[in-house]
Amino acid sequence: MEFKKFVELTRPIIGGKGGVHIFVRTLFDAILNDDGKDILDDYSDSSYKAYANGTTQITEIAKAMSLHLEEEEFASYIDSFGDSIQLRLCEEFEPFLLDINAFNVGKKLADLFARIIREAAGTKRRSSASRKKDAEHIEAEVVDDEKPSGAAQDDTKVTVIQQQINVVQNGENNYSLTNNGTINFNF
């Protein structure tokens, strides 16, 4: 789930009357331990608003926050709301968290929110042109003498090629192939 969607689902229920920037900062504050709270001062109200509407990804702030996440704090924050609020959160998140219920709503949302932050912290922005260029230059990972499942149990030499786009071998045996998966050769 993207952070924008998390905000869209939670804000109508627990967002209060303040602006979206206040709500986003409150969400971040609720999942950080005491050592990480100062991180939030480095970002402007317009940044928090951009995170909420999806015009800016949370990658940068997520990287700063990822070492200071305290899921139990966020679970307590969610659990501090009344039963009716917790039930509404369960209804909103049920399509995404099938086993969510009134007893685990705080923990489930804390786990989800932490996962959103960790995934955002791990993503790298790359242009589509650089992804295409990289795809053209992927090299074969060839592993010799490996016994994949289903291979003969004798001393047969096995070559496994994984994540290969093109292979051309010149010599005694010539091969030219295109593959997007795994190929096992038994020689």
Side-chain angles (χ1 to χ4, degrees), residues 1-135 138 162-163 180-181:
M1 173 180 290
E2 295 287 324
F3 179 69
K4 176 185 176 183
K5 184 68 173 177
F6 189 82
V7 171
E8 288 173 1
L9 294 174
T10 54
R11 186 166 182 239
I13 301 170
I14 60 173
K17 294 183 180 183
V20 69
H21 63 283
I22 295 170
F23 178 66
V24 169
R25 186 176 171 133
T26 300
L27 286 178
F28 287 151
D29 185 65
I31 200 164
L32 288 173
N33 62 27
D34 291 336
D35 295 335
K37 305 256 186 209
D38 294 342
I39 294 168
L40 302 178
D41 296 334
D42 296 337
Y43 299 88
S44 66
D45 290 348
S46 61
S47 293
Y48 291 120
K49 187 175 180 180
Y51 297 148
N53 63 31
T55 56
T56 301
Q57 297 300 312
I58 64 168
T59 306
E60 182 183 326
I61 194 168
K63 286 178 183 178
M65 293 173 55
S66 63
L67 296 175
H68 303 283
L69 297 180
E70 188 67 48
E71 293 161 47
E72 293 81 19
E73 291 290 325
F74 193 80
S76 295
Y77 168 72
I78 296 298
D79 292 340
S80 71
F81 292 99
D83 292 342
S84 62
I85 298 294
Q86 291 176 3
L87 288 173
R88 287 182 56 206
L89 287 168
C90 288
E91 290 170 4
E92 285 297 316
F93 282 92
E94 189 173 29
F96 308 98
L97 302 169
L98 300 177
D99 56 346
I100 194 169
N101 59 51
F103 300 106
N104 67 9
V105 63
K107 180 174 178 9
K108 290 292 183 180
L109 291 182
D111 290 345
L112 174 62
F113 190 29
R115 188 170 59 244
I116 290 168
I117 293 169
R118 287 187 182 107
E119 286 176 4
T123 55
K124 295 178 181 176
R125 292 185 85 178
R126 297 177 60 190
S127 70
S128 60
S130 70
R131 281 192 297 271
K132 183 178 178 184
K133 184 177 179 181
D134 287 349
I138 293 175
Q162 297 176 331
Q163 299 176 338
N180 291 325

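No experiment lies behind these values; they were computed from the predicted model shown.
A salt bridge between Lys49 and Asp45 is absent, with no side-chain N of the basic residue lying under 4.0 Å from a carboxylate O of the acidic one.
More than 12 heavy-atom neighbours from other residues, nucleotides or ligands sit within 6.0 angstrom of CD on Glu8. In this structure, Glu71 places its CD atom where more than 12 heavy-atom neighbours from other residues, nucleotides or ligands lie under 6.0 Å away. Counted within 6.0 Å of CG on Asp41, heavy atoms from surrounding residues, nucleotides or ligands total more than 12; the atom is thus considered enclosed.
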Output side-chain donor-acceptor pairs under 3.5 Å for residues 94-102, partner residues at least two apart or in another chain, one line each.
from   : atom 1 : to     : atom 2 : distance (Å)
Asp99  : OD1    : Lys108 : NZ     : 3.4
Asp99  : OD2    : Lys108 : NZ     : 2.9
Asn101 : OD1    : Phe103 : N      : 2.8
Asn101 : OD1    : Asn104 : N      : 3.0

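A tilted orientation is assigned to the rings of Phe74 and Phe113, their planes being inclined by 30° to 60°.
The main-chain N or O of Tyr48 is never found under 3.5 Å from a side-chain atom of Arg25 such that the two would form a donor-acceptor pair.
For the pair Arg11 and Leu27, the minimum side-chain heavy-atom distance is 4.5 Å or more.
Between Phe6 and Tyr51, a ring centre-to-centre spacing not shorter than 6.0 Å is recorded.
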task: Begin from the C-alpha positions of Phe28 and Ile58 and carry the test side chain to side chain contact (heavy atoms under 4.5 Å, CB included) through to its verdict.
output: CA-CA 11 Å; Phe28 287 151; Ile58 64 168; 4.2 Å; yes
query: So Phe93 and Val105, side chain to side chain contact (heavy atoms under 4.5 Å, CB included) or not? Walk me through it.
result: CA-CA 9 Å; Phe93 282 92; Val105 63; over 6 Å; no
task: Before giving the answer on side chain to side chain contact (heavy atoms under 4.5 Å, CB included), spell out for Glu73 and Asn33 the whole-Å C-alpha distance, their side-chain angles and the decisive distance to 0.1 Å.
output: CA-CA 8 Å; Glu73 291 290 325; Asn33 62 27; 5.9 Å; no
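Every residue was checked against the salt bridge (Lys or Arg N to Asp or Glu O under 4.0 Å) condition with Asp42, not counting sequence neighbours, and none meets it.
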